[in-house]
Amino acid sequence: MNNNLSLIHLLKLALRYIYVLIVAGLICAVIAFSYCQFIAVPKYSATGSVLVTNGAIIADSNNSEVTASKSVSGTDISASLQLANTIIDILKTNDIYKELAVNTGGKYTYEQLLGNASVKRRNTDTLFIDITFTASSPEEAKNLVNNFLELVPEYILKYIPNSNSAVTTTAEKAHKTYPRTVSTTAVATIVGAILSFAVVYIVSLFSTTIKNEDDIKNNYDIMLIGNIPDFSNAKSKNYYKYGYSKKGGYTGGK
């Protein structure tokens, strides 16, 4: 059993079985690539945004342009920032997704729409709220976002009558979010190589066979005086025992 664990020993072991690691990594890469290209159902995400205030920042709730009114105070901005968290909670309630499900012709249940939606602020210091939908096609993802945004202003007014809202960004394109073929294949290659090396290391760890001089040096604290040639392979190398070649003559025991 090899109990000597060192970086040099691991490197030598990896180099000895480098072709095994490469083959294992390639096999895992092919499996991951095939899964991403031919088996996995792709998913696309599209995002739009909405701005909701307490009424002082957006002058007209039917106008998508944000006005920079001189009468806006720090109190209005602070109140709108606090209102944003409430708006997010409102946009996560079931009724708006039920309306969206009806608008899509019953293609989705409201539970599915709710599970495929993300509503969040861009950061804690902004009034912008991003709405993202994930679907199996880019067109479907964009349609879900834009249909949802159409419902937002009126839906919010049911809960906060004095608020003003504006759709600031509609979804114009969708991005593929799953599967990520390149990154998945790369990770699978590395994982395959690591797992194969782990197997090789475990096998070598419990192996009691002495294969070469390094095995003796690495496993036993004894001096190596010399080695005995393998005379059983002498004929295959055109040598007879005791150093005489087939062509005649003494070779000096080589």
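Numbers for residues simply follow the sequence, beginning at 1.
A chain of hydrophobic side-chain contacts below 4.5 Å, direct or via other Ile, Leu, Val, Met, Phe, Trp or Tyr residues, connects V119 to Y155. Placement of V200 and I194 in two distinct hydrophobic clusters is found when ILVMFWY residues are connected by side-chain heavy-atom separations under 4.5 Å, directly or transitively. Hydrophobic clustering, with ILVMFWY side chains joined whenever heavy atoms are under 4.5 angstrom apart, groups I88 together with F133. By the criterion of side-chain heavy atoms lying less than 4.5 angstrom apart, applied directly or through intervening Ile, Leu, Val, Met, Phe, Trp or Tyr residues, I39 is grouped together with Y178 in one hydrophobic cluster. F197 and I31 are not part of a single hydrophobic cluster, where members link through side-chain heavy atoms under 4.5 Å apart.
Between atom CG of residue L11 and atom CG of residue L7 there is a gap of 4.5 Å, rounded to the nearest 0.5 Å. The distance from atom CD of E99 to atom CG of L113, rounded to the nearest 0.5 Å, is 12.0 Å. Of the inter-residue distances, the one linking I131 atom CD1 with K92 atom NZ reads 11.0 Å to the nearest 0.5 angstrom. Here the CG-CG distance, from L144 to N116, works out to 8.0 Å after rounding to the nearest 0.5 Å.
A donor-acceptor pair is defined here as one N or O able to donate and one able to accept, closer than 3.5 Å; no such pair exists between the side chain of S49 and the backbone of T168. A donor-acceptor pair is defined here as one N or O able to donate and one able to accept, closer than 3.5 Å; no such pair exists between the side chain of N146 and the backbone of T170. A donor-acceptor contact shorter than 3.5 Å links the side chain of Q112 to the backbone of T109. With hydrogens and angles disregarded, no donor-acceptor distance shorter than 3.5 Å links the side chain of R121 to the backbone of N85.
For K176, the NZ atom counts as densely surrounded, since its 6.0 Å shell holds more than 12 non-hydrogen atoms of other residues, nucleotides or ligands. Taking a 6.0 Å sphere around NZ of K158, one finds it holds more than 12 heavy atoms contributed by other residues, nucleotides or ligands.
Using cut-offs of 30° and 60° for the angle between ring planes, the Y201 and H9 rings count as perpendicular. Ring geometry, Y97 versus F148: the interplanar angle falls from 30° to 60°, so the pair is classed tilted.
Residues satisfying the side-chain hydrogen bond (donor to acceptor under 3.5 Å, both in side chains) criterion with T132, sequence neighbours excluded, are T47.
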